[in-house]
Colleague: 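Below you'll find the structure I mean.
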Amino acid sequence: MGKKYRGQYIRLTARLVLAFSVLYKVEASDFTPLAYTLRTITITSTGAIDPITAKPYPCLRLVKWLTPTTNAALIYRAIHLEAGAIFDRKMLLSIEKRLMELPYFSTVSIIRKVVDSNGNSPLSDLMVQTKDRFPITFDLNLDEGPLLTITHHNAWGYGHGFTQEFFLKKRWGYGCIYELPNLYGNYFLGGQWYNQIEDTDRFNCKNLWMGKLWAIPAKTSALSYYWITGLSGYIKEFRGSVSGGPVNPYHDYKLILGKIGWVADDYTTISGVYKLSGLEKLPNGGSIEVLYGYQNSAYKNRHYVAINGIKNIAKPTFKYLHVSFESGAFVYKKTVEEAILKLRLAYSGPAIRTCNGMRQSIAINYIIGYRMPQERALGIRPRDPESLAPLDQDNRLQQPIYGRLNVQLQSTLHQPIVIQAIRLVALGFTHFIGLYNQSNQLLNQTWIDSYGVGVQLEHVRMSWPTLACTIGYSSLLAKVLPSVQLSIGPFKNKTRPKPMLIAYS
């Protein structure tokens, strides 16, 4: 009997193995990607604004002229497929992702139509349908650089970019950038002219620069790789009491600055990071860049070296983490004369279900100067520019600031509430601060910079910027600080084509 049962067990096992192998082959054949042969590509592009049938007003004609429909040649160039090429579904998804990464389209659809099903790779046509996004964007920057930036991403419908920069806060001036599209990386040309209007640290600055992006085709669809190179020239002229004696480091100078950077760029679509609801397209990758420059002045000539890096991690469960650093130094006769180090960390976590949907975020900023001149000092907050004059008397500090640590904690107190077309949530925040002198000694008596409450608002249906209104009490300055600001967008992986000195602010 033992032999009989053993024989039945062996036959049953063999049948099960055969059945599983057949199922596996069926499943494998079902999921084997089919290859197709391309016959033709038909491109249909729709403008950002619907056609105007009636006689439009002059303002509508101007808006229509400023929003041209993307030319089919620009779309065809980004597809990278010719007649007779072999493609599959994975390649179509990669093409759709590549088109969506361009700053021209709000939606992209690729439809495959089989013409002849005979053969191993059926003959097929592709129909590409795109919908343009509004090509003009406005950017406000209260920290540094131009206060207002207006960019047109798709001039004439061929992908040419024009940027207008307006310096309106403590600086008055103008800048412009032209971006020439190229299949394997765009060219950038730009210039800036502005005047500092402070009474004590006035200067004029002229800057011309050029850059090139070198795109590297990725072997996988996960990340896009590219190099960025740039060359710039600065002329900075000080006026008044700042320039003059040879012992004063602030004098007129010229600077030639070059850079090379490497970027690994990708985007992840998640929700609940900067907005209360809705999907957000956040960068998920990193970058690193190296700069070298040479400063020429009547006082002395010296070298400049810098290295910057960014790392972003975006995951639906983990949410969003940003880490970045900037470091630059002037070197004279193999000695570091001046150096600046900036560190930045930002984290936004998921909602805590056990605490009524509360969501926390933290931002840490640290900046320190090494062997900085006595006339050069930091402001109290990141938005305050560096100063060449003595500190104001109302800040209750007796020495200039050479290092600063800012820690910002913010929490939504409950799940978002919808009232008609507005979604809102109450906020609570606490900001910590540490100010250090040239000897790295703490200057302020209290670590708490400010604390308070606020409300965050956003539209339910329309994609408007999120508005945050807060009011808090500053323990450092002993006064109430109200604030109204738009939501801060995500940090970018891309290094800027323009080579820049690190601002000590």
Side-chain angles (χ1 to χ4, degrees), residues 20-47 69-133 153-154 157-160 180-187 212-228 262-269 279 281 283-286 493-494:
F20 277 112
S21 63
V22 172
L23 289 175
Y24 176 78
K25 290 181 179 179
V26 171
E27 290 183 0
S29 62
D30 290 342
F31 287 93
T32 301
L34 296 177
Y36 302 89
T37 301
L38 178 64
R39 189 182 72 165
T40 60
I41 298 178
T42 303
I43 296 176
T44 304
S45 184
T46 306
T69 302
T70 301
N71 193 277
L74 183 63
I75 303 174
Y76 187 82
R77 187 176 61 180
I79 293 178
H80 300 312
L81 282 181
E82 300 288 345
I86 305 297
F87 67 93
D88 54 14
R89 182 175 179 273
K90 184 178 179 181
M91 187 178 296
L92 295 185
L93 293 176
S94 177
I95 294 174
E96 183 176 349
K97 180 181 178 182
R98 190 186 310 140
L99 291 175
M100 284 300 299
E101 289 177 351
L102 298 175
Y104 316 134
F105 310 115
S106 59
T107 59
V108 174
S109 175
I110 301 179
I111 302 174
R112 184 189 70 251
K113 182 180 179 181
V114 177
V115 179
D116 187 0
S117 59
N118 296 325
N120 296 328
S121 56
L123 190 64
S124 301
D125 294 336
L126 288 182
M127 292 175 287
V128 181
Q129 301 174 356
T130 63
K131 171 70 175 178
D132 289 351
R133 67 175 60 179
H153 298 280
N154 196 9
Y158 285 92
H160 296 258
L180 177 64
N182 186 272
L183 180 60
Y184 298 105
N186 294 357
Y187 294 89
K212 177 69 172 72
L213 184 147
W214 305 88
I216 302 175
K219 296 182 180 180
T220 64
S221 60
L223 292 175
S224 300
Y225 306 96
Y226 50 89
W227 292 87
I228 290 181
W262 180 83
V263 181
D265 208 7
D266 190 28
Y267 290 89
T268 300
T269 303
L279 297 177
K281 190 177 180 181
N284 188 13
N493 291 333
K494 298 180 180 179

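No experiment lies behind these values; they were computed from the predicted model shown.
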Colleague: Whether the side chain of Arg98 engages the backbone of Ala78 through a donor-acceptor N/O pair (distance < 3.5 Å, no angle test) should be reported.
Modeller: yes
Colleague: Do the side chains of Tyr226 and Trp214 get nearer than 4.5 Å, heavy atoms only?
Modeller: no
Colleague: Checking the side chain of Lys131 only, and the main-chain atoms of Gly47 only, is there a donor and an acceptor separated by less than 3.5 Å?
Modeller: yes
Colleague: Applying side chain to side chain contact (heavy atoms under 4.5 Å, CB included), run through Ile75 and Thr130 and close with a yes or a no.
Modeller: CA-CA 9 Å; Ile75 303 174; Thr130 63; 3.6 Å; yes
Colleague: Are the side chains of Phe87 and Ile95 in touch, meaning some heavy atoms are under 4.5 Å apart?
Modeller: no
Colleague: Side chain of Arg133, backbone of Phe105: donor and acceptor closer than 3.5 Å?
Modeller: yes
Colleague: Would you find a donor on one side and an acceptor on the other, under 3.5 Å apart, between the side chain of Asp116 and the backbone of Leu123?
Modeller: no
Colleague: Where do Leu180 and His160 land on the side chain to side chain contact (heavy atoms under 4.5 Å, CB included) test, with the steps shown first?
Modeller: CA-CA 5 Å; Leu180 177 64; His160 296 258; 3.4 Å; yes
Colleague: Hey, which of Leu126, Val115, Leu92, Val114 is the one that makes side chain to side chain contact (heavy atoms under 4.5 Å, CB included) with Tyr36?
Modeller: Val114
Colleague: Answer yes if the side chains of Tyr187 and Asn182 hold a donor-acceptor pair under 3.5 Å, and no otherwise.
Modeller: no
Colleague: Do the charged groups of Lys113 and Asp125 touch, with an N to O distance under 4.0 Å?
Modeller: no
Colleague: From Thr40 OG1 over to Met127 CE, what is the distance, rounded to the nearest 0.5 angstrom?
Modeller: 9.0 Å
Colleague: Do Ser45 and Asp132 have side-chain heavy atoms sitting under 4.5 Å apart?
Modeller: yes
Colleague: May I ask you to test the Thr70-Leu102 pair for a side-chain heavy-atom distance under 4.5 Å?
Modeller: no
Colleague: What distance do Ser94 atom OG and Asp88 atom CG have between them, rounded to the nearest 0.5 Å?
Modeller: 10.0 Å
Colleague: Measuring from atom OG of Ser106 to atom CE of Met100, what distance do you get when rounded to the nearest 0.5 angstrom?
Modeller: 7.0 Å
Colleague: So, using side chain to side chain contact (heavy atoms under 4.5 Å, CB included) as the criterion, who are the partners of Pro283 when residues are at least two apart?
Modeller: Tyr267, Asn312, Tyr320, Pro490, Asn493
